[in-house]
Amino acid sequence: MAGPSDPGVPAARWKRHIVRQLRQRDRTQKALFLELVPAYNRLLEKAELLAQFSEKLQPEPTDVTRALHQGGWEEESGPDSDGVPSPAALRVKWQEEEEGLRLVCGEMAYQVVEKSAALGTLESQLEERQSRLAALEARVAQLQEAREKQEGQVDARRALNAAQRAAYEALRVHVGHQEAALRRLEEEARDLLDRLVRRKARAAAERNLRNERRERKFFYPRAKQARVSQELKKAAKRTVSISESPDTLGDGIREEADTLALAAEPAFLESEAGEKWKRPFRSASATSLTLSRCVDVVKGLLDFKKRRGHSVGGAPEQRYQSIPVCVAARLPTRAQDVLDAHLSEVNAVRFGPSSSLLATGGADRLILLWNIVGGRLEANQTLEGAGGSITSVDFDPSGSQVLAATYNKAAQLWKVGEAQSKETLSGHTDKVTAAKFKLTMHQAVTGSRDRTVKEWDLGRAYCSRTINVLSYCNDVVCGDHVIISGHNDQKIRFWDSRGPRCTQVIPVQGRVTSLSLSHDQLHLLSCSRDDTLKVIDLRVSNVRQVFRADGFRCGSDWTKAVFSPDRSYALAGSWDGALYIWDVDTGKLESSLRGPHCAAVNAVAWCYSGSHVVSVDQARKVVLWH
C-alpha cells in the first residue's frame, strides 16, 4: 500500500486510498456478520421464552417432594388441563433448538474462517497490485518528463531546420544569380573566341592565298600545274588511310598533301581554313571518298599534327591507326575464342578505331587491352589505377587514349602503352555510369547518377560545363552538335552542345540502359528495362522500330546494345547468356547465338570492319564471335 512516505505520490491521494480500503473492509465484515445477527436475535428470543416457561413451571419444594414420592408416571403424563406443556417436553424441545443453534453457529463460524482466509488472500493481491500501480505511476512520471524533454528537442530541431531552410533558399537564389552571370560570361567568352577564330581563319586564308599566288606566279609553270591536276585525279580514286605512327606517314602521303594544298582553289582555302578535325570513319563506305573528301582527310591530318602538343599530357607524338571501312557487316555465327578474362563480372567492352585493339573493363577495377590475332584474343596490356568498378570504356578517334567511367564518382583517362592512369576527371557526386569522347580527342562527356552530365576539356582536365538532366543518367552519346542522354525516368533527352538548353525529349517505355548512335548520326538505338530495343529516326524524332524476342530480357540497368557498323543490324545480350540480332530495316529477328555464356550478358561490341563481335558477361567471360 502507498503511504505518506512514498515519493512522488501526493498526500491527498494516499489518504483517499486508506479511506477506500477501510470502507471496503467494513462492507466485507458487515456482509459476513449480517447473517449472524438475525440468528442471534432468534436465539435470544427463544432463550427469553424458555426463561419465562422455566419461571412458571418452577415447582415448590412440597410439590417436588410429592412428585418424587409419586413416581415416574407423572413424567410421562400429558399437559395439564390448562394446556401448558410439561417440563420434560419443553426441555427436549429446548435441547433440540439448542443443538440446531449450535450447528448453525458452527457453520457460521466455519464460513467466517473461510471468508477471513479469502479476505487475507484478496488483501495480499490488493497490496501487490497497489505496489505495481505505484511503480507504473512512477514510470509514467518518468516518461512524461522524457516526453517533455523530447518535445523541447523537437522544437529546437524545427527551429534549426527552419533557419537552415532559409539559409538554403538564400544560397540557392545566390547560386542562381551566379550561374546566370556565369552563363553570360561564358556566352561572351564564346562569342569572343568565335570572333577570334574567324579573324585568325580569315587572316590565314588571306596569307595562304597571297603565298599561293606568289608561288604560282614565280615557281610553277603550266606543265607542273597539269601534273598536279593528274595527281589530284589519281588521289580521288584511292582510299586514304592513316598509318599507326606519324613517322611512318610515307613520302607519297606527304607529297600528296603538299600538292593538294598547293593546287587547291583560293575559294576552297578560304572556306576550309578554320575547319576542325573530324573523325575520318564517319562514312560508311569507301566509295564516298570524293576529291573534296580526300582533300579534307589530308588537311585534317595536317591540321591535327599542328595541334598535337595540346593533348592531355602534352606529349609531342600521337599515334593514328589505319581505320577500316565497313561496306557490309557480316552476321556472327560461332564463338572463336572464350576467356575468363577478369577477376569478377565484366561490365564494358569497346573496339578501337583499327578493329584490332579491344578494351574490356570490369568490377575488378581493371581495364584489359586485347589484340585480335588470327581469330584469337591475345593480352596486350593491363591499365591499372581505377578507383572503382568500371562501368564503361571508350577510345578516342586516334585509338591512343582510353576513357573509363567508374563507381568512384569520377572518370579516368589512360594513354595506350602506359599502365597507370594519366588524368582523373572528378566532380560528380555519385556513380559515373558513362564516359565518351566527343568528335575530337580533346573533349569528353560523362553522365552520372547524380542527375548531371558534364563536358570536359581534356587538355586541362577541366569541367567546361555541367548540365542538370533531371534524372539518373545511365548512358550518353555525342553527335556533331548534340549530346544525347538516356535516363531512369524512361526518357531520352537531347542537349545542344553549344548551349545549356534541352532541345528535345523523347519518352520511351522502361528505364533506358544504353544508347548507340549510328555512324551517319541519323538513327539512335536505345535498350530499355521493358526488354525491348527501339530505333529512333533522328530526322523525324520518332520511334521507327521496336525489337522484341521470346526469351530476351535485360539482365541489368547497364545492359548495352549496339548497331552494326553499316547500321543494318542491332545487337544485344540477354539475361540467359544469349545474343540476339535484329534486322533494322525489317524488324525481324535474324539470329540468336547461345553457348559460351552461362550468365547475363552485360555489354557487346561490333568492330568497325564488321567482321567480329565481342560480348562480356557477369561470369567474367569475354567471347569473340566470328
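When a residue number appears, it is its place in the shown sequence, counting from 1. Below, all heavy atoms of this structure are taken into account, side chains as well, without hydrogens, waters or symmetry copies.
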Flag for R27-Q24: side-chain donor and acceptor within less than 3.5 Å: yes

Y472 atom OH: more than 12 heavy-atom contacts under 6.0 Å: no

Minimum heavy-atom distance S448-K431, with the two atoms named: OG-O, 2.8 Å

Check against salt bridge (charged side-chain N to carboxylate O under 4.0 Å, His left out), R102 and E98: CA-CA 6 Å; R102 190 178 296 109; E98 186 179 9; 3.4 Å; yes

Distance-minimising heavy-atom pair for V476 and K436: O-NZ, 2.9 Å

Side-chain donor-acceptor pair present, W558, T433, cut-off under 3.5 Å: no

Salt bridge (charged side-chain N to carboxylate O under 4.0 Å, His left out) between E169 and R172, worked out: CA-CA 5 Å; E169 291 296 333; R172 189 172 63 83; 2.8 Å; yes

L339 side chain reached by W370 side chain, heavy atoms, under 4.5 Å: yes

Counterpart residues, salt bridge (charged side-chain N to carboxylate O under 4.0 Å, His left out), relative to D550 (two or more places apart): none

Side chain S591, main chain I581, donor-acceptor under 3.5 Å: no

Pairing residues for A363 by the side-chain contact (heavy atoms from CB on, under 4.5 Å) criterion, not counting sequence neighbours: S344, E345, N347, S389

Set of residues satisfying salt bridge (charged side-chain N to carboxylate O under 4.0 Å, His left out) with respect to K409, sequence neighbours excluded: none

Shortest non-hydrogen separation from D576 to R594 and the atoms involved: OD2-NH1, 3.1 Å

Ring pair (Phe, Tyr, Trp, His ring centres under 6.0 Å) partners for F552, two or more places apart: Y580, W582

Pairing residues for W414 by the side-chain hydrogen bond (donor to acceptor under 3.5 Å, both in side chains) criterion, not counting sequence neighbours: none

Partners meeting side-chain hydrogen bond (donor to acceptor under 3.5 Å, both in side chains) with T513 (sequence neighbours left out): none

Expected output: side-chain D489 to main-chain S471 donor-acceptor under 3.5 Å: no

Salt bridge (charged side-chain N to carboxylate O under 4.0 Å, His left out) between R42 and E45, intermediate numbers included: CA-CA 5 Å; R42 289 196 300 273; E45 291 176 358; over 6 Å; no

Exam field: side chain T446 to backbone A410, donor-acceptor pair closer than 3.5 Å: no

Donor-acceptor side-chain pairing of K534 and T532 below 3.5 angstrom: yes

Salt-bridge contact R147-E151 (side-chain N to carboxylate O under 4.0 Å): yes

Atom pair CG (D617) and CG (N602), whose distance is rounded to the nearest 0.5 Å: 7.0 Å

side-chain contact (heavy atoms from CB on, under 4.5 Å) evaluation trace for R493 with V453: CA-CA 11 Å; R493 293 179 170 88; V453 168; over 6 Å; no

side-chain hydrogen bond (donor to acceptor under 3.5 Å, both in side chains) pairs, two or more places apart, involving residues 112-125: Y110-E114

Heavy-atom closest contact (A561 atom, S516 atom, distance): O-CB, 3.5 Å

Sidechain-backbone polar pair: E97 side chain, K46 backbone, donor-acceptor under 3.5 Å: no

Step-by-step salt bridge (charged side-chain N to carboxylate O under 4.0 Å, His left out) determination, D475 to K560: CA-CA 9 Å; D475 200 5; K560 298 295 187 291; 5.1 Å; no

Closest non-hydrogen atom pair, C478 against L517: O-CD2, 3.6 Å

side-chain hydrogen bond (donor to acceptor under 3.5 Å, both in side chains) partners of Q144, counting only residues at least two apart: none

Qualifying residues under salt bridge (charged side-chain N to carboxylate O under 4.0 Å, His left out), relative to D450, sequence neighbours excluded: none

Which residues share a side-chain contact (heavy atoms from CB on, under 4.5 Å) with Q29, sequence neighbours left out: R25

Sequence-distant partners of N408, side-chain hydrogen bond (donor to acceptor under 3.5 Å, both in side chains), two or more places apart: none

side-chain contact (heavy atoms from CB on, under 4.5 Å) partners of Q545, counting only residues at least two apart: V535, F547

Atom of D337, atom of L377 and distance for their closest heavy-atom approach: OD2-N, 2.9 Å

